[in-house]
Amino acid sequence: TVDDRAEIDLGGRVLALHAWPVAHTGNDLTVTDLQTRTMFAGDLVFDRHAPALDGSLRGWRAVLADLQDMDLARLVPGHGDASLPWPDGADPLARYLDVLERDTRAALDEGARLSDAVRSVAGEEASKWALFEVYNPRNVTVAFTELEWE
């Protein structure tokens with residue numbers, strides 16, 4: 001179990017493990033090869049495949065901002081290309097999460113029902129993500145239920 005940070009020494013190669021606050025899920029963990037400055041981000045970073053929000057929208061946005069501030073040579077996402085240039089490789093995901101939050105807040109401000117919001121929130125992102133029609137409605141549901149109680 002990694003509560004915050006840990007290291008694994010493989011004999012000349014150290015892997016840094018980092019447990020993150022609730023973001024994509026409630027148990028996100030990254031592994032960074034310190035020698036090559038390569039991070040294995042798991043599903044904290046999606047590329048081309050529509051993100052799946054199972055944790056906290058606000059948390060994910062905060063963790064992604066922290067990741068983008070890290071000095072990495074490359075990042076291996078949970079889905080998509082084998083590796084992404086960093087930090088620019090996170091820009092599409094950051095944009096999607098921004099749009100998801102903006103549109104969800106607008107729907108809440110308008111008094112929209114969740115059943116209506118899942119059909120319209122973040123619609124401008126549809127052409128940018130594979131499987132958008134499968135994952136976006138559930139992302140809207142998680143975002144809506146998180147943000148409606150603020």
Side-chain angles (χ1 to χ4, degrees), residues 1-108 117-118 121-150:
T1 300
V2 178
D3 293 323
D4 182 33
R5 297 173 193 262
E7 288 188 349
I8 299 173
D9 187 339
L10 301 175
R13 184 173 299 263
V14 176
L15 301 179
L17 285 64
H18 186 157
W20 295 90
V22 177
H24 158 65
T25 68
N27 55 1
D28 296 306
L29 180 77
T30 57
V31 177
T32 304
D33 175 355
L34 298 179
Q35 182 176 336
T36 63
R37 295 182 13 254
T38 300
M39 176 181 279
F40 298 85
D43 284 351
L44 279 172
V45 179
F46 281 70
D47 177 52
R48 297 187 319 228
H49 182 292
L53 175 57
D54 295 317
S56 165
L57 174 59
R58 289 177 297 167
W60 200 354
R61 291 186 67 216
V63 166
L64 188 60
D66 288 346
L67 291 174
Q68 287 184 287
D69 284 341
M70 296 177 79
D71 181 27
L72 302 171
R74 74 197 53 75
L75 182 134
V76 177
H79 298 272
D81 283 347
S83 68
L84 300 174
W86 203 250
D88 297 342
D91 288 347
L93 175 59
R95 183 197 63 240
Y96 171 78
L97 295 175
D98 289 347
V99 170
L100 178 62
E101 183 171 348
R102 180 200 70 205
D103 288 3
T104 301
R105 288 186 184 283
L108 288 164
V118 297
V121 167
E124 69 193 65
E125 290 287 308
S127 65
K128 299 172 178 113
W129 299 96
L131 301 172
F132 179 87
E133 66 284 350
V134 175
Y135 289 93
N136 190 65
R138 69 184 282 207
N139 295 343
V140 174
T141 300
V142 174
F144 193 98
T145 57
E146 176 182 351
L147 299 177
E148 73 180 328
W149 298 108
E150 286 188 324

Look up atom OG1 in Thr32 and atom CE in Met70, then write down how far apart they are to the nearest 0.5 Å.
5.0 Å
Scanning both residues in full, the closest heavy-atom pair of Leu57 with Ala143 reads CD2-CB, 3.7 Å
Return the orientation label for the His18 and Trp20 ring planes: parallel under 30°, perpendicular over 60°, tilted otherwise.
parallel
Looking at every heavy atom in both Val121 and Ala107, which two are closest together, and how far apart are they?
CG2-CB, 4.3 Å
Applying side-chain contact (heavy atoms from CB on, under 4.5 Å) to Val99 and Glu124, what does each step give before you reach the verdict?
CA-CA 8 Å; Val99 170; Glu124 69 193 65; 3.8 Å; yes
Have a look at Val63 and tell me which of Leu44, Thr30, Asp28 forms a side-chain contact (heavy atoms from CB on, under 4.5 Å) with it.
Leu44
Exercise answer: donor-acceptor pairs, residues 77-90 side-chain atoms, under 3.5 Å, sequence neighbours excluded:
{"unit_1": "His79", "atom_1": "NE2", "unit_2": "Asp43", "atom_2": "OD1", "d": "3.3"}
{"unit_1": "Asp81", "atom_1": "OD1", "unit_2": "Arg48", "atom_2": "NH1", "d": "2.4"}
{"unit_1": "Trp86", "atom_1": "NE1", "unit_2": "Leu67", "atom_2": "O", "d": "2.8"}

For a side-chain contact (heavy atoms from CB on, under 4.5 Å) check, start with the C-alpha distance between Leu17 and Leu29, then their side-chain angles and the critical distance, and finish with the verdict.
CA-CA 7 Å; Leu17 285 64; Leu29 180 77; 4.2 Å; yes
Quick one: does His24's side chain have a donor or acceptor within less than 3.5 Å of a partner on Ala52's backbone?
yes
Under the side-chain contact (heavy atoms from CB on, under 4.5 Å) rule, what do Tyr96 and Asn136 come out as? Steps first, then yes or no, please.
CA-CA 10 Å; Tyr96 171 78; Asn136 190 65; 2.6 Å; yes
Has Asp103 got a side-chain atom pairing as donor or acceptor with Ala122's backbone, closer than 3.5 angstrom?
yes
How long is the straight-line distance from CZ of Arg58 back to CG of Leu97, given to the nearest 0.5 Å?
13.5 Å
Going by the rule side-chain contact (heavy atoms from CB on, under 4.5 Å), which residues pair with Thr145 if we only count those two or more places apart in sequence or in a different chain?
Glu148
Looking at Asn139 and Pro51, would you say the former's side chain and the latter's main chain have a donor-acceptor pair under 3.5 Å?
yes
Considering only heavy atoms from C-beta outward, does the side chain of Thr36 approach that of Arg74 to under 4.5 Å?
yes
Interatomic spacing from CG in Asp47 to NE2 in His49 - rounded to 0.5 Å
11.0 Å
First locate atom CE of Met39, then atom CG of Leu15, and finally report the distance between them rounded to the nearest 0.5 Å.
11.5 Å
What is the minimum heavy-atom distance between Glu7 and Ala16, and which atoms define it?
CG-CA, 4.3 Å
Side-chain contact test, heavy atoms from C-beta onward, threshold under 4.5 Å: evaluate it for Trp60 versus Leu93 and give yes or no.
yes
Spatial distance of atom CG (Asp33) from atom CD1 (Ile8) [nearest 0.5 Å]
11.5 Å
